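Working notes, structure below.
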Amino acid sequence: MIISKNWLNEWVDLSAFGTEKILKTLNSIGFEVDGFKEIKIPQNIVVGYVTSKDKHPDADKLNICQVDIGSEILQIVCGAKNVEAGQFVPVALIGAVMPNGLEIKKAKLRGVESCGMICSSTELGLAKTNDGIMVLDESIGKLELGKKIADFECFNDAIIEIDITANRGDANSINGIARELGVALDLNLKEITPYEDADNLPGIGRLISLRADEGLNSSVLYKAVGIKEKICENLLTSLRLALMDCKKTNNLERLLDYATYSTGVLFRAYDFDKLSVDERANFDIKKGKNEESIISSDGKILGVVGVYQSDFARISDDTKIAIIEASFSSPDVIAQTTALDKQMPRDEHLYRSSRGSEPFLAFGVEFLFRKFSTFKELALYGGVSQHVMKREQKMLNFSLAEIDKMIGQKIERNDILRILKKLGFEINFNQEAEIFNVKIPLFRHDIVNSHDVCEEIVRIVGIDNIASKPMKFSEENRLNNTYKRYKFALDLRKKSASAGFFESVHYVFDSADELKILGFTPCKAQIANPINNELNELRPTLINHLLSSAEKNIKNQKRSVKLFEYGAVFNQNGDQSSRFGFIHAGLLKEPSLVNGVKIAEVDFLSFANSIKNVIGEFELLKSDEIAYLSPFEQAKIYKNGVEIGYIGRLHVKFADLRDLPKTYLCEIYFDAINHEPIKAVPYSKFPSISRDLSLIVPSDMEFRLIKEAINELKIPTLKEFLPVDIYRSNELGKNVSLSVKFTFQDMNSSLTDDEVAVLMDKILAKLNEKLSVGIR
């Protein structure tokens, strides 16, 4: 947005402050200055009066003008089309150096002497107002022949370009910026005096009939103005319209844009003669499908409030009576309407209305008609026709201590009250409880909570005036259960990779058909819009994806496939949990020069040992419940007495369906694993002693029974015992010879052979007593 110091001075007195102070203040209160330019008119340019104009005898496009500058009459040759006798004009005298570096000298143009130059606005370094010279009038001040142009206040100006953030629609006007500067510099805004007593004006009631739906999200106000002849802009208005880059050619529309830029109120104009039926214009405002307010007249749509105006009924240079519309619409409704209806036309008002225009319409109309009252070409009508939307001001309650805590510094109560009142907030302060009860002004739709109010206070106080403090590391301890769970999962993934498994990642969706073949029940939580038919159900297991990945690897000539995955699964009710899945298909290792060519296939013990390297020691209990695993090679995995998963060989029929070789699977219930940190325990400094026993046991006896019997003895020095060999022969019949290795170690002393022999006798006696098992 482009503003000027002189323009701002009409709203708030900035005469005591230099340009640098204003720029610094704008930056400090949140309006970033993108650039500025100081207007400096050269000293040798004065007010002149064109007493006569004659055609140049040798040039059709040149005129010979006699220009009175008070002290003398100069002859100046001018080529501007709009130069006429009777005009006050800026005259550059001989010796003047123009802003572009051109030095004015006495010269002859086609044989005629010229002693100076009549200047255009651009030649003076101002915005372009027309295609010819700049004609002066008393809108810039009293005109005196010979007076320096630089002495006029409006030409001692600073043009400032600022960046307005999208949430600050209230600042998209000269009034809005003046209000902000007034707060920051502790100044009061100037009051707008009424243009005239409306009761003495012709009434608008006979011209306009207004009907509006209930519950509209917009306000509209209509007034009428009669146009007796073509409106002539004054110079100051033209310069400001050029500054704001107004491209419109109709002078009434240009004045409406001027009023919008000044006050923030949105204005449009309609041609009364195009709307009138029986000498009255009938306006109907109805609520659209997206809550927008649609304006129509006798069935013809005139536009949407804050979005666009249709070409029908626009004013033209022939308009005799114009209906002026001031409007406001909720920015939320504007955003919703334009987002949902991409085909709806839009015009320049959308920029302001979508950010929040000025809702106090009477304020803008008062300013506009005060401006109109200075034009003899206009006949004003009294009274208004309006519809005002019902809006309640938001209420916020917060304490002085709360504000101080958010800012990190104590701000005096009176300073807070002054700042908020000047910003338009209505405040009631409870001194006993030190509580602020604040009403948010209707033009500040971006204020929704106490933090926003705190931001307003900090803006005006100035962030540079808030004392810096060292950062305090007072955040909560991050070593919580979530972090521990993450680290434990990461640790297991690293161990899986170290054990030779490659990590794979799949979608949490799976194929319902493939899961049904494996025997899984569909999840009750259905996917409304699946990616495709192969990913149409929440997965209850990691196994199916691992099988598919293994199948692809085998078909790509891999002979040993070891994969793992960590991810989420969902039970029948849609409850989520986490699991680790493992698969090993084919050979134990890929053939190589080191391994040789003849490598054994993966077996249950080697696969289980790989899993052990990942999750640590565990126990296996026989199982035959999982349909897609071999009933002869499957088991449930237990750790510390808790079931944590299952392991087994893929059933042959499922392996054949996927063209897989011998394959083993394991799935660990991650949520069931105790991931408490490992605690270090003392170890013995004394040597251990090992003994082997070869036991004659029935071939169908589970080692679990032997283990339970020995554990009943609770021998403290027995560190571990493991089966190391099984021998079968015809001599043994239905029995087998099971070799078990026992390891003994004491914490306090070295064990003797005699002590170990006594312990071995106890073990043999217990096995014989409970299981009828003896040595071979």
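Keep in mind that what you see is a predicted model, and the values were worked out from it rather than measured.
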### Query
Are Arg179 and Phe443 in a cation-pi contact, defined as NZ or CZ under 6.0 Å from the six-membered ring centre and within 45° of the axis?
yes
### Task
May I ask you to check whether over 12 heavy atoms, not counting those of Glu534, lie within 6.0 Å of atom CD?
no
### Message
For the residue pair Ser218 / Ser293, report whether a side-chain donor-acceptor contact shorter than 3.5 Å exists.
### Response
yes
#### Entry: Asn573 (side chain) donor-acceptor with Asp575 (main chain) under 3.5 angstrom
no
## Note on the structure
All heavy atoms of Thr337 vs all of Asn290, minimum pair found to be OG1-O, 3.5 Å
### Query
Hey, mind stepping through Val220 and Phe328 against side chain to side chain contact (heavy atoms under 4.5 Å, CB included) and telling me if it holds?
CA-CA 7 Å; Val220 290; Phe328 168 82; over 6 Å; no
### Task
Assess the side chains of Asn175 and Ser173: does a donor N or O sit below 3.5 Å from an acceptor N or O?
no
### Query
So, Asn437 versus Asn430: side-chain donor-acceptor pair below 3.5 Å or not?
no
### Query
If you draw a 6.0 Å radius around NZ in Lys274, do more than 12 non-hydrogen atoms from other residues or ligands fall strictly inside?
yes
### Task
For residues Met406 and Phe398, determine if any side-chain heavy atom of one lies less than 4.5 Å from a side-chain heavy atom of the other.
no
#### Entry: Heavy-atom closest contact (Leu350 atom, Ser354 atom, distance)
O-OG, 2.8 Å
### Task
List the steps and the verdict of side chain to side chain contact (heavy atoms under 4.5 Å, CB included) for Ile285 and Leu210.
CA-CA 8 Å; Ile285 306 178; Leu210 176 62; 3.9 Å; yes
#### Entry: Ser296 side-chain N/O to Gly299 backbone N/O, donor-acceptor pair under 3.5 Å
no
### Message
Using every non-hydrogen atom in the two residues, find where Leu417 and Phe436 come nearest and quote the distance to one decimal.
### Response
CD2-CE2, 3.6 Å
### Message
Using modelled atom types and a 3.5 Å cut-off, is there a donor and acceptor pairing between side-chain atoms of Ser357 and backbone atoms of Ser353?
### Response
no
### Message
More than 12 heavy atoms of other residues, nucleotides or ligands under 6.0 Å from NZ of Lys228: yes or no?
### Response
yes
### Task
Could you tell me the separation between the CG atom of Leu252 and the NZ atom of Lys230, rounded to the nearest 0.5 Å?
13.0 Å
### Message
If I compare all heavy atoms of Ile435 with all of Ser399, which pair ends up nearest, and what's the gap?
### Response
CD1-CB, 3.5 Å
### Query
Would you call Lys405-Glu402 a salt bridge at under 4.0 Å N-O?
no
### Message
Once rounded to the nearest 0.5 Å, what's the spacing between atom CZ of Arg346 and atom CD1 of Ile334?
### Response
10.5 Å
### Message
Tell me the closest heavy-atom pair linking Glu253 and Ile315, and the distance in Å.
### Response
CG-CD1, 3.5 Å
### Message
With side chain to side chain contact (heavy atoms under 4.5 Å, CB included) as the criterion, how do Leu181 and Thr25 come out once you've worked through the C-alpha distance, each side chain's angles and the decisive distance to 0.1 Å?
### Response
CA-CA 7 Å; Leu181 283 172; Thr25 302; 3.8 Å; yes
### Query
Looking at Asp284 and Lys286, does any basic side-chain N land under 4.0 Å from a carboxylate oxygen?
no
### Task
Say whether, by atom type as modelled, one donor and one acceptor occur between the side chain of Lys422 and the main chain of Leu187 under 3.5 angstrom.
yes
### Message
Tell me whether Glu537 contacts the main-chain N or O of Ser511 through its side chain, where contact means a donor paired with an acceptor under 3.5 Å.
### Response
no
### Query
More than 12 heavy atoms of other residues, nucleotides or ligands under 6.0 Å from CZ of Phe312: is that the case?
yes
### Query
Asn282 and Ser297: side-chain donor and acceptor closer than 3.5 Å?
no
### Task
Say whether, by atom type as modelled, one donor and one acceptor occur between the side chain of Thr374 and the main chain of Arg370 under 3.5 angstrom.
no
## Note on the structure
Separation between CD1 (Ile2) and CD (Glu161), nearest 0.5 Å, reads 5.0 Å
### Query
When you measure from the side chain of Asp213 to the backbone N and O of Lys287, does any donor-acceptor pair fall under 3.5 Å?
yes
### Query
Is it true that the side chains of Glu325 and Tyr270 contain a donor and an acceptor less than 3.5 Å apart?
yes
### Task
Determine whether the side chains of His545 and Glu565 contain a donor N or O and an acceptor N or O closer than 3.5 Å.
no
### Task
Using modelled atom types only, decide if a donor and an acceptor are shared between the side chain of Glu180 and the backbone of Leu423 within a distance under 3.5 Å.
no
### Message
Salt bridge check, Asp415 against Arg413: does any charged N sit closer than 4.0 Å to a carboxylate O?
### Response
no
### Pair Phe369 + Phe372: ring centers closer than 6.0 Å
yes
### Message
If you compare all heavy atoms of Leu538 against all heavy atoms of Cys523, which two are closest, and at what distance to 0.1 Å?
### Response
CD1-SG, 4.3 Å
### Message
Please check this pair: side chain of Glu291 against backbone of Gly288, looking for a donor-acceptor N/O pair closer than 3.5 Å.
### Response
no
### Task
Flag the pair Asp446 and Arg444 as a salt bridge only when some basic side-chain nitrogen lies within less than 4.0 angstrom of an acidic carboxylate oxygen.
yes
### Task
Tell me yes or no: between the side chains of Ser4 and Asp157, is some donor less than 3.5 Å from an acceptor?
yes
### Query
Below 4.0 angstrom, N of the basic side chain to O of the carboxylate: do Asp513 and Lys516 qualify?
no
### Query
Just wondering, are more than 12 heavy atoms of other shown residues or ligands nearer than 6.0 Å to CG in Asn480?
yes
### Query
What residue among Tyr261, Phe267, Phe360, Trp11 forms ring-ring contact (aromatic ring centres under 6.0 Å, His included) with Phe367?
Trp11
### Task
Inspect the surroundings of CD in Glu214 and state if more than 12 heavy atoms from other residues, nucleotides or ligands are less than 6.0 Å away.
no
#### Entry: Asn234 side chain to Thr237 side chain, donor-acceptor N/O pair below 3.5 angstrom
yes
### Message
Could you tell me if Arg240 and Asn6 have a donor-acceptor pair between their side chains, going purely by distance under 3.5 Å?
### Response
yes
### Task
Working to the nearest 0.5 Å, report the span between CG of Leu256 and NZ of Lys248.
7.5 Å
### Query
Any cation-pi pair here, Lys371 with Tyr258, using under 6.0 Å and within 45°?
yes
### Task
Measure the spacing between CG of Leu378 and CG of Leu255 and express it to the nearest 0.5 Å.
7.5 Å
### Task
In sequence, state the C-alpha distance, the side-chain angles, and the governing distance for Glu233 and Ser238, and then conclude on side-chain hydrogen bond (donor to acceptor under 3.5 Å, both in side chains).
CA-CA 6 Å; Glu233 289 177 1; Ser238 295; 2.7 Å; yes
### Query
Arg352 side chain to Leu266 main-chain N or O, any donor-acceptor pair under 3.5 Å?
no
### Query
Within 45 degrees of the axis of the six-membered ring of Tyr351 and under 6.0 Å from its centre: does Arg355 put its NZ or CZ there?
yes
